[in-house]
Amino acid sequence: MNAFSVGSTTSESSLSEQVRRYKSKRFKEKQEHLTSKKDSAGGVDADETLQMKCIKVLVANFESSPTHDGRVESKHLLEITSRLPIDLDPKQSAVFVHDESYWKRACLDPNSSLTPSECQIVEHGMTWKQLFFEHHLKRRLELFDDQGSSAPEEGKEDEKKEEKETVEDLLEEIEKYQDYIFSLSFKQLPSHLEVDRICEKLPNLTKMDLHYGINKIGMEYDRRLFGMKISDASCVAKAIKDSMNLTSVILCGNLMDDDLLRMLMTGLYKSSTITHLDVSHNKITNHGVRLLAKLLGTKSVLTSLNVADNQIHAEGGRYLGRALRSNDSLSDLNIRLNRLTDEGGRMLLEGLRDNQSITKLNIGSNNLGTESMTALSVVLREPASELLVLDMSSNHLGDDDIDVLFSTIQRKSKLISLDLRMNSTSPENETLARIADLLHTNELAFREA
């Protein structure tokens with residue numbers, strides 16, 4: 001029998017056949033396979049450094065045992081915060097997470113309640129952390145239920161209801177991130193919480209923008225749900241009086257009448273820090289304006305007042321004009337969309353003859369006419385007048401009034417912006433183009449000054 005055919009007639013392969021079928025295996029591939037295998041206990045790579053394993057453990061246990069600057073080197077702390085989830089308990093993250101990259105990630109996350117238009121850090125002290133917590137507090141207040149529990153957010157009605165909480169729980173939470181709240185705002189407050197209690201927890205508060213409405217009410221409309229109540233006005237007045245750093249108060253669209261304004265004035269009278277007050281889109285009449293005029297005395301620090309879209313008539317214009325004669329702080333006055341009429345406009349503008357502080361005035365949509373234009377011409381000719389921006393749109397100014405205005409501006413005026421749209425001028429009036437040229441010249445001179 002041939003030696004090379006041994007086994008060919010049996011079920012066993014010959015030695016030569018086994019050699020031909022044999023394929024060598026590299027030990028290195030086996031080793032790579034083993035090193036890439038995941039540890040079934042911890043889910044970490046076998047070739048991970050001890051340092052990285054520690055970082056992962058710290059991240060996994062951050063909420064129960066938070067890590068802060070004093071315990072971990074800064075380079076490792078940045079690595080930890082970069083791996084933290086953005087849904088951490090705000091009471092923990094406010095105290096222990098200071099990396100702006102984390103807060104930017106939390107604000108810009110697609111699942112965040114913030115919209116792209118709300119992610120403007122310019123309006124929030126140029127810090128993402130401040131933006132996050134000011135928006136977070138806004139959402140907490142808007143969704144806080146008057147029955148002592150947090151109302152479910154839109155789209156989450158089917159999820160498990162949150163545990164019931166009291167106002168004390170909310171105030172305790174606010175204390176954790178109070179240093180990052182400079183602006184308090186909400187579009188609805190169904191619980192009608194006592195705003196002064198919230199403001200007590202905010203030592204850095206500089207701005208309040210409060211709107212007592214209801215978001216997306218749909219077919220369940222109820223007039224009683226809208227507007228500020230007497231109790232709300234009392235709390236806001238107390239908050240204004242007690243806040244040491246508050247400079248801006250915005251109370252638009254709260255169905256505020258003279259009685260509610262009188263309640264607010266108890267706080268405004270005693271405040272020496274408010275420089276911007278906006279009570280537009282309410283129901284304030286002449287009596288309310290008479291109260292507001294008292295804020296424009298010789299000791300006033302108010303620089304901006306907005307009473308647009310209220311129910312102010314000619315008598316209200318007289319009250320404001322009288323107050324502006326001796327005022328030297330107000331620089332911006334907006335009384336648009338009221339009912340001054342030509343008489344009220346004249347009395348208001350006559351008060352500006354001796355005023356040296358007003359630089360921006362909006363008296364559009366007030367049925368103004370020739371008498372008001374005559375009074376304005378006198379104001380613009382005054383050497384002490386600092387009026388730069390004027391809006392007289394949507395009134396009843398005719399071609400003759402425009403000619404008088406052009407003559408005044410040509411002779412002596414510092415105006416750089418003037419809105420005369422929607423008046424009773426003829427389409428072929430060429431004086432408007434001449435006024436525009438004069439304003440352009442004044443603007444260039446103002447920029448060069």
Any sub-3.5 Å donor-acceptor pair from [X]'s side-chain atoms to [Y]'s backbone N or O?
X      : Y      : result
Thr81  : Leu78  : yes
Ser271 : Leu268 : no
Asn355 : Arg353 : no
Asn286 : Gly316 : yes
Thr266 : Met263 : yes
Asp209 : Ser185 : no
Thr359 : Ser331 : yes
Thr247 : Thr206 : yes
Asn245 : Leu205 : no
Lys129 : Ala94  : yes

Item to check | Contacts of Glu123 that satisfy salt bridge (charged side-chain N to carboxylate O under 4.0 Å, His left out) - sequence neighbours left out | outcome: none
Item to check | Listed partners of Arg381 passing salt bridge (charged side-chain N to carboxylate O under 4.0 Å, His left out), at least two apart | outcome: none
Checklist outcome for this item: For residues 87-97, the side chain to side chain donor-acceptor pair (under 3.5 Å) pairs (sequence neighbours left out) are none
Checklist entry - Tell me, which pairs form a side chain to side chain donor-acceptor pair (under 3.5 Å) where one or both residues lie in residues 410-420, sequence neighbours left out? => result Glu386-Lys414, Asp419-Arg421
Side-chain heavy atoms of [X] within contact of [Y], under 4.5 Å:
X      : Y      : answer
Tyr221 : Ile214 : no
Leu295 : Ile274 : no
Asn306 : Asn362 : no
Ser426 : Asn429 : yes
Tyr269 : Leu291 : yes
Leu141 : Leu170 : yes
Asp259 : Arg262 : yes
Leu387 : Leu415 : yes

Checklist entry - Hey, mind stepping through Leu438 and Phe406 against side chain to side chain contact (heavy atoms under 4.5 Å, CB included) and telling me if it holds? => result CA-CA 9 Å; Leu438 289 175; Phe406 170 72; 3.4 Å; yes
Checklist entry - Stepwise, does the side chain to side chain contact (heavy atoms under 4.5 Å, CB included) test hold for Asn367 with Leu340? => result CA-CA 7 Å; Asn367 296 324; Leu340 288 181; over 6 Å; no
Could you state the interatomic distance from [atom1] ([X]) to [atom2] ([Y]), rounded to the nearest 0.5 Å?
X      : Y      : atom1 : atom2 : answer
Arg318 : Arg346 : CZ    : CZ    : 11.0 Å
Glu100 : Gln130 : CD    : CD    : 9.5 Å
Met392 : Asn366 : CE    : CG    : 9.5 Å
Gln178 : Lys176 : CD    : NZ    : 10.0 Å
Leu246 : Ser183 : CG    : OG    : 10.0 Å
Glu350 : Glu371 : CD    : CD    : 9.0 Å

Heavy-atom closest contact ([X] atom, [Y] atom, distance):
X      : Y      : answer
Met373 : Leu397 : CE-CD1, 3.6 Å
Cys107 : Cys119 : O-SG, 3.7 Å
Leu260 : Met228 : CD1-O, 3.3 Å
Asn204 : Phe182 : O-CD2, 3.3 Å
Arg105 : Arg83  : NH2-N, 4.4 Å
Ile284 : Asn310 : N-OD1, 3.0 Å

Do you see a donor-acceptor pair shorter than 3.5 Å between the side chains of [X] and [Y]?
X      : Y      : value
Ser372 : Asp342 : yes
Ser393 : Arg336 : yes
Asn423 : Thr425 : no
Ser117 : Thr115 : yes

Tell me whether [X] at atom [atom1] has more than 12 heavy atoms from other residues, nucleotides or ligands lying less than 6.0 Å away.
X      : atom1 : answer
Arg339 : CZ    : yes
Glu220 : CD    : no
Glu172 : CD    : no
His313 : NE2   : yes

Item to check | Residue pair Ile174, Leu137: steps toward the side chain to side chain contact (heavy atoms under 4.5 Å, CB included) verdict | outcome: CA-CA 8 Å; Ile174 292 174; Leu137 179 57; 3.7 Å; yes
Are [X] and [Y] ion-paired here, with the side-chain N under 4.0 Å from a carboxylate O?
X      : Y      : answer
Arg197 : Glu168 : yes
Glu134 : Lys207 : no
Arg434 : Asp437 : no

Checklist outcome for this item: Tested for side chain to side chain contact (heavy atoms under 4.5 Å, CB included) against Leu302, the lone hit among Thr275, Asn327, Leu277 is Leu277
Checklist outcome for this item: Tested for side chain to side chain contact (heavy atoms under 4.5 Å, CB included) against Ile86, the lone hit among Asp109, Leu108, Asn111 is Asp109
Checklist outcome for this item: residues 234-257 vs salt bridge (charged side-chain N to carboxylate O under 4.0 Å, His left out), sequence neighbours excluded, gives Glu200-Lys238, Lys238-Asp242
Checklist entry - Relative to the ring of Phe132, is the ring of His136 parallel (under 30°), tilted (30 to 60°) or perpendicular (over 60°)? => result parallel
Checklist entry - So Leu264 and Leu251, side chain to side chain contact (heavy atoms under 4.5 Å, CB included) or not? Walk me through it. => result CA-CA 11 Å; Leu264 282 172; Leu251 299 169; 3.6 Å; yes
Checklist entry - How would you list all residue pairs meeting ring-ring contact (aromatic ring centres under 6.0 Å, His included) that involve residues 198-220, not counting sequence neighbours? => result Phe186-Tyr212, His192-Tyr212
